[in-house]
Amino acid sequence: MGSKLSVNNHRADIIGLTYIYPVLSRRAGGLSIGINFNTNNTCNWRCVYCQVPNLSIGAAPDIDFELLAKELRLFLDDVLHGDFYDRFEVDADKRVIKDIAIAGNGEPTTLKEFARAVGLIGQIATEAGVFPSSDYVLISNGSLIHLPRVQEGLRVLNEYHGQVWFKFDSATEEGRRLVNNSTQSCQAAVENLLVASQLCPTKLQTCLFDFAGRGLPDTEKQAYLEVLKQVWEHSNVRRIMLYTIARPSAQPEAGQLAKLPADILEAFAGEIRELGFEVTVSV
Ligand code: SF4
């Protein structure tokens, strides 16, 4: 009680719930309600900048739907009709629910009953009057979108006017292994991106940073721009979010990572804009 929920306070357990955590997001300019399916801190990737502590390779455990529903109803009621904003001393101009974001401590699409969970959240947020005025976002590494059960989830997300933020940090096989510890090929990732964009509005999110002093290599930039040309031609994806690391990584590589300067990100954003894309940069 009386804790200040600031943009720097991302503690998932601040309200003591299993699946729900509030984030005051600089990106969103208000309250973002995070939903975490990966309560066991598992992901099918291991990005070197990942902030999830004790991250292990794996999938989200089966979900307790009753508990998820109960927590979401209670939390929305607290925010909309209770004293949540006062208890956490939220600034007056941030007292708005900007989005409900399925994100959390791992890759959410590893959840077996992913589509059912997306539908339940959509239904409860609609009943509470949060949707459609607030956004419904899935933050995903996109690696499982070839699976029918994940595609079903994106169809449900689309029914609630949701959107996918698709992680795409590198367009080279070497970069994807180095940064994401992913063995999925770049071509497979692009195919998944195209599928996602056919099912639901989709944006790219790209984290760029200095890893062991290599900066932003020209080979990475050129490969990324080449892939974007394909994306432009074959999909309706038009928006890209470039960002750099903001908080410490919980991975062993943490000491080798540094933010990229704003001017480097802005210069690269300029090159991407020349292809026609709308690009936001956050540093
Ligand atoms: S995809 Fe997300 S949760 Fe998974 S390792 Fe990367 S940053 Fe962490």
Side-chain angles (χ1 to χ4, degrees), residues 10-13 18-21 23 25 27-28 32-61 63 99-112 114 117-118 137-147 150 153-154 157 163-186 188-190 192-193 196 202-211 220 224 240-260 282-283:
H10 287 258
R11 277 185 53 210
D13 61 351
T18 300
Y19 296 115
I20 317 286
Y21 61 98
V23 177
S25 162
R27 154 185 70 71
S32 177
I33 298 173
I35 313 270
N36 177 27
F37 298 153
N38 302 70
T39 51
N40 55 355
N41 295 6
T42 52
C43 188
N44 58 340
W45 284 7
R46 192 187 68 77
C47 303
V48 290
Y49 56 79
C50 185
Q51 296 153 26
V52 175
N54 306 315
L55 180 75
S56 61
I57 297 289
I63 205 162
D99 60 40
I100 294 185
I102 300 176
N105 287 0
E107 172 52 39
T109 63
T110 59
L111 179 68
K112 266 192 279 182
F114 174 68
V118 172
V137 177
L138 167 68
I139 300 179
S140 171
N141 65 25
S143 59
L144 300 177
I145 287 174
H146 53 283
L147 299 178
V150 178
L154 298 197
L157 186 67
Q163 51 186 291
V164 179
W165 292 11
F166 190 111
K167 182 185 289 298
F168 191 76
D169 294 336
S170 169
T172 70
E173 310 302 334
E174 186 207 354
R176 294 170 58 79
R177 269 197 307 274
L178 195 70
V179 169
N180 306 116
N181 283 290
S182 167
T183 52
Q184 186 177 48
S185 72
C186 181
V190 171
N192 276 2
L193 173 65
T202 301
K203 291 187 203 178
L204 281 183
Q205 46 157 345
T206 298
C207 183
L208 299 172
F209 54 94
D210 186 344
F211 187 7
E220 284 292 330
Y224 188 90
I240 298 174
M241 297 174 284
L242 292 187
Y243 64 105
T244 191
I245 50 177
R247 289 181 294 280
S249 163
Q251 305 310 310
E253 295 87 351
Q256 300 175 68
L257 314 182
K259 287 167 87 83
L260 271 184
S282 86
V283 287

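In this text, all values refer to a predicted model and were calculated from it rather than measured experimentally. Read the numbers this way: they start at 1 and go in the same order the structure lists the ligands and their atoms.
- Ile145 contributes atom CD1, which lies 6.5 Å from atom OG1 of Thr109 (distance to the nearest 0.5 angstrom).
- With ligand atoms numbered from 1 in the order given, ligand 1 contributes 1 (S) to contacts under 4.0 Å with heavy atoms of Asn141.
- In terms of protein heavy-atom proximity, atom 3 (S) of ligand 1 is closest to Gly106 CA, 3.6 Å.
- At a cut-off of 2.8 Å, Cys43 is counted among the residues with an N, O or S atom near atom 4 (Fe) of ligand 1.
- Atom 8 (Fe) of ligand 1 has its closest protein heavy atom at Cys50 SG, 2.4 Å.
- Counting only distance, with no hydrogens or angles, the side chain of Gln251 and the backbone of Gln51 share no donor-acceptor pair below 3.5 Å.
- Which parts of ligand 1 touch Trp45 is read off a 4.0 Å heavy-atom cut-off, strictly below it: atoms 5 (S).
- Taken from NZ in Lys167 to SG in Cys207, the straight-line distance is 6.5 Å, to the nearest 0.5 Å.
- Proximity to Lys167 (heavy-atom distance under 4.0 Å) selects the following atoms of ligand 1: 1 (S), 2 (Fe).
- The closest non-hydrogen atom to atom 5 (S) of ligand 1, taken over Cys47, Cys207, Ala103, Gly104, comes from Cys47.
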Item to check | Audit row: Leu138, Leu154, side chain to side chain contact (heavy atoms under 4.5 Å, CB included) steps and yes/no | outcome: CA-CA 9 Å; Leu138 167 68; Leu154 298 197; 3.6 Å; yes
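- To the nearest 0.5 angstrom, Phe37 atom CZ is 6.5 Å from Phe114 atom CZ.
- Checking Val48, Asn180, Leu178 one by one against Asp169, the side chain to side chain contact (heavy atoms under 4.5 Å, CB included) holds for a single residue, Asn180.
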